[in-house]
K.L.:
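Once you've had a glance at the structure underneath, I'll fire off some questions.
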Amino acid sequence: MILLISDLHLHEERPDITGAFLAFLEQHAKQAQALYILGDFFEVWIGDDAITPFQLKIAEALSAVAATGTDIYLMHGNRDFLIGDGFCELADCQLLEDPSVVQLAGEAVLLMHGDSLCTSDLSYIRLRRVLRNPLILLILRHLPLRTRQRLAGDLRQKSKTSTRLKTSDITDVNPDEVTRVMAQHKVRTLIHGHTHRPAVHNLTGQKQRIVLGDWDSQGWFIKASSNTLELHALAFTDPTAAD
Ligand code: LP5
């Protein structure tokens, strides 16, 4: 069995999500052959050199899962594209290119974070092109920590203001881009996150697009067995609740 998750946006201020994720690792991921994390695992990541005790705890939890024999693959999202080899060594996971085609449930499946599919969101696509330029990435990685913190804070603020003004079709995937990438990679199934709109979309030609949800009031995961792909919601149990 293989598991896929996305958009946990882990951060210290959401102990409920962290608790649910740690429980998911114990109850599900340790029994899996592989765990794929399709981006925005952390709320924001400004560099492996700025790892916090909280993030270190998450890395150690992943490493403990890897020690049981589960292969862990991590794809960058639009919030944590600065995760590098330093974190991966601590977490015992491998970075996975966006996009990647992997064999799941007996077929080739295209995995993406999903942000690059939102081609109608022109201002975001422009920003993405700048931030993912290899030269800019090199410069960003070498900026002083405080400068990165300030820039990341500014960017989050601008993003919040800007997304509030965008219509929902702008912030969703562009159907033509979905068709294009699926044809380019010759797949019948695409799995992604980013849009926070969990669903299984049946597309023409017996194709499908499965969207992983973000973890907020509940979690989401896909379970791939030998011939099925199932999207599941995961209820958060409150450890303080009375039996
Ligand atoms: O994140 P989410 O889901 O809320 O919104 C996204 C798009 N926004 C982003 C920005 C991220 O939220 C913040 C990324 C922080 C990265 C930290 C590491 C970098 C450290 C160093 C910092 C330089 O991805 C949002 C989409 C939305 O998804 C839906 O798809 O709409 O895109 C925007 O809101 C972008 C705005 O439309 C344009 C903002 C222009 C800002 C220009 C500042 C340029 C600074 C360049 C610095 C080199």
K.L.:
Are L38 and V187 linked, directly or through intermediate hydrophobic residues, by side-chain heavy-atom contacts shorter than 4.5 Å (ILVMFWY only)?
P.N.:
no
K.L.:
Treating T119 as the side-chain partner and N174 as the backbone partner, does any N or O pair qualify as donor plus acceptor under 3.5 Å?
P.N.:
no
K.L.:
Do you know the tightest heavy-atom contact between V173 and H192?
P.N.:
CG1-CE1, 3.6 Å
K.L.:
Atom SG in C93, atom CZ in F87: separation rounded to 0.5 Å?
P.N.:
5.5 Å
K.L.:
Ring centroids only, cut at 6.0 angstrom: are H196 and H9 within range, meaning strictly under it?
P.N.:
yes
K.L.:
Hey, what do you get for CD (Q27) to CG (L22), rounding to the nearest 0.5 Å?
P.N.:
10.5 Å
K.L.:
With distance as the sole test, does D40 use its side chain to make a donor-acceptor pair with the main-chain N or O of N78 at under 3.5 Å?
P.N.:
yes
K.L.:
Is there a donor-acceptor pair under 3.5 Å between the side chain of H194 and the backbone N or O of G77?
P.N.:
no
K.L.:
More than 12 foreign heavy atoms under 6.0 Å from CD of Q206: is that the case here?
P.N.:
no
K.L.:
Which atom names give the shortest non-hydrogen contact between I51 and Q55, and what distance separates them?
P.N.:
CA-OE1, 3.4 Å
K.L.:
Would you confirm whether W220, through its side chain, and L234, through its main-chain N or O, come within 3.5 Å as a donor-acceptor pair?
P.N.:
no
K.L.:
Any ion pair linking E60 and K57 (charged N to carboxylate O, less than 4.0 Å)?
P.N.:
no
K.L.:
Could you tell me whether E177 atom CD has more than 12 heavy atoms of other residues or ligands within 6.0 Å of it?
P.N.:
yes
K.L.:
Using side-chain contact (heavy atoms from CB on, under 4.5 Å), reason through E12 and E43 one step at a time and then give a plain yes or no.
P.N.:
CA-CA 9 Å; E12 271 160 292; E43 173 71 358; over 6 Å; no
K.L.:
Is R209 reaching over with its side chain to a backbone N or O of A199, donor-acceptor style, under 3.5 angstrom?
P.N.:
no
K.L.:
Rounded to the nearest 0.5 Å, what separates atom OG1 in T171 from atom CG in D115?
P.N.:
12.5 Å
K.L.:
Applying the salt bridge (charged side-chain N to carboxylate O under 4.0 Å, His left out) criterion to D121, which one of R126, K166, R128 satisfies it?
P.N.:
K166
K.L.:
Take atom NZ of K223 as the centre, draw a 6.0 Å sphere, and report whether it contains more than 12 heavy atoms from other residues, nucleotides or ligands.
P.N.:
no
K.L.:
Taking atom CG of L145 and atom CD1 of I46, what is their separation to the nearest 0.5 Å?
P.N.:
4.5 Å
K.L.:
Rounded to the nearest 0.5 Å, what separation is found between the CG atom of L104 and the OG atom of S225?
P.N.:
10.5 Å
K.L.:
Charged N to carboxylate O under 4.0 angstrom, D98 versus R132?
P.N.:
no
K.L.:
So if you build clusters from Ile, Leu, Val, Met, Phe, Trp, Tyr with side-chain heavy-atom gaps below 4.5 Å, do L229 and L96 land together?
P.N.:
yes
K.L.:
Identify the heavy atoms of A66 and I72 that sit nearest to each other, and give their distance.
P.N.:
N-CD1, 3.9 Å
K.L.:
Could you go step by step and tell me if I191 and Y36 meet the side-chain contact (heavy atoms from CB on, under 4.5 Å) rule?
P.N.:
CA-CA 11 Å; I191 295 177; Y36 287 84; over 6 Å; no
K.L.:
Grab the two heavy atoms, one from G47 and one from R148, that are nearest each other, plus how far apart they are.
P.N.:
CA-NH1, 3.8 Å
K.L.:
Go through it in stages, so that I can follow the logic: the residues are D172 and D169, the test is side-chain contact (heavy atoms from CB on, under 4.5 Å), and I'd like the CA-CA distance, side-chain angles, deciding distance and then a yes or no.
P.N.:
CA-CA 5 Å; D172 202 354; D169 60 320; 5.6 Å; no
K.L.:
Please check if L131 and F42 belong to a single hydrophobic cluster, counting links between Ile, Leu, Val, Met, Phe, Trp and Tyr side chain heavy atoms closer than 4.5 Å.
P.N.:
yes
K.L.:
For the hydrophobic clusters of this structure (ILVMFWY residues joined by side-chain heavy atoms under 4.5 Å, transitively), does one cluster hold both W45 and L95?
P.N.:
yes
K.L.:
Closer than 4.0 angstrom, basic N to acidic O: yes or no for D48 and R141?
P.N.:
no
K.L.:
Once you measure the plane-to-plane angle for F221 and H28, does it fall in the parallel (<30°), tilted (30-60°) or perpendicular (>60°) bin?
P.N.:
tilted
K.L.:
Closest approach of S6 and G39, non-hydrogen atoms and distance?
P.N.:
OG-O, 3.6 Å
K.L.:
Can you label the angle between the F21 ring and the F41 ring as parallel, tilted or perpendicular, going by 30° and 60°?
P.N.:
perpendicular
K.L.:
Do side-chain atoms of T70 reach the backbone of A32 as a donor and acceptor pair under 3.5 angstrom?
P.N.:
yes
K.L.:
Does atom CG of D85 have more than 12 heavy-atom neighbours from other groups under 6.0 Å away?
P.N.:
no
K.L.:
Looking at E13, I'd like to know if its CD atom is crowded, meaning that more than 12 non-hydrogen atoms belonging to other residues, nucleotides or ligands lie closer than 6.0 Å.
P.N.:
no
K.L.:
Over all heavy atoms of both residues, which pair between Y73 and A34 is shortest? Give the atoms and the distance, please.
P.N.:
CE1-CB, 4.1 Å
K.L.:
Is L62 linked to I17 within one hydrophobic cluster, defined over Ile, Leu, Val, Met, Phe, Trp and Tyr using a side-chain heavy-atom separation of less than 4.5 Å?
P.N.:
yes
K.L.:
First locate atom CG of L203, then atom CG of L190, and finally report the distance between them rounded to the nearest 0.5 Å.
P.N.:
8.0 Å
